[in-house]
Amino acid sequence: MYLAYAAADKVWAAQFSTALRDAGVKLWFDAAEIRPGDEWKDATERALRDSNILVFVLTPNSVDNPWALFELGAAVADNKRVIPIVAKPFDPSETPPLIGRYRFLDESSPTEAARRVAEVVAEPA
């Protein structure tokens, strides 16, 4: 599982990542995986390719963030499962077109969002 988010939402993403890992779900979170001196772009692209699910954190910061939208586009193009989480209210008219076809999880609490995502990924497809 790969976590896509805007850098401005890093605190929320870190709390979500910790809660999801505590629930036993393996997640690639750049802040935990990329060490100083690593080539971040290569590591990010490799992790995105290797994941089967993309969790996209929807906030006013991410709806127009070029890198987060690149990650979303790559996941959609590769037919990955996409789980959008509305972590902070935003103008619905700003919803990225690629993500509009997926059912959103509307949850501002990173801990509760992690619990619900863990339940979803544990269910048989």
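The figures here come from the full heavy-atom set of this structure, side chains too, leaving out hydrogens, waters and symmetry mates.
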### Selection residues 24-37 - residue pairs positive for side chain to side chain donor-acceptor pair (under 3.5 Å), sequence neighbours left out
Y5-D30, R21-E33, R35-D38

Side chains of residues 52-75: which donor-acceptor partners sit under 3.5 Å, not counting sequence neighbours?
| unit_1 | atom_1 | unit_2 | atom_2 | d |
| --- | --- | --- | --- | --- |
| T59 | OG1 | D9 | OD2 | 2.4 |
| T59 | OG1 | N61 | N | 3.1 |
| T59 | OG1 | S62 | N | 3.2 |
| N61 | ND2 | D9 | OD1 | 2.8 |
| S62 | OG | V57 | O | 2.7 |
| S62 | OG | T59 | N | 2.9 |
| S62 | OG | T59 | O | 3.3 |
| N65 | OD1 | W67 | N | 3.1 |
| N65 | OD1 | A68 | N | 2.8 |
| W67 | NE1 | E71 | OE2 | 2.9 |
| E71 | OE2 | Y2 | OH | 2.4 |

Would you say [X]'s side chain and [Y]'s backbone share a donor-acceptor pair under 3.5 angstrom?
X   : Y   : result
D78 : K80 : no
T18 : Q15 : no
S17 : A13 : no

### Message
Nearest 0.5 Å, please: how far is OG in S109 from CZ in F16?
### Response
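That separation rounds to 10.5 Å.
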
### Spatial distance of atom CG (L20) from atom CZ (R116) [nearest 0.5 Å]
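L20 CG to R116 CZ: 13.5 Å, rounded to 0.5 Å.
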
### Query
Do the non-hydrogen side-chain atoms of V117 and V25 ever get within less than 4.5 Å of each other?
no

### V121 side chain reached by I83 side chain, heavy atoms, under 4.5 Å
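They are in contact (side-chain heavy atoms under 4.5 Å apart), so the answer is yes.
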
Do [X] and [Y] sit in the same hydrophobic cluster, where Ile, Leu, Val, Met, Phe, Trp and Tyr count as joined when their side-chain heavy atoms come under 4.5 Å apart?
X   : Y   : result
V86 : V76 : yes
L3  : L98 : no
L48 : W40 : yes

### Task
Quick one: which residue pairs count as a salt bridge (Lys or Arg N to Asp or Glu O under 4.0 Å) with a foot in residues 54-63, not counting sequence neighbours?
none

## Note on the structure
Smallest heavy-atom separation, W12 atom then S108 atom, equals NE1-O, 2.7 Å

### Task
Give the minimum heavy-atom separation between E107 and A113, together with the two atoms involved.
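Heavy-atom minimum between the residues: CG-N, 3.4 Å.
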
### Task
Inspect the contact between E112 and R115 and indicate whether a charged nitrogen and a carboxylate oxygen are less than 4.0 angstrom apart.
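Between E112 and R115 there is a salt bridge, with a charged N closer than 4.0 Å to a carboxylate O.
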
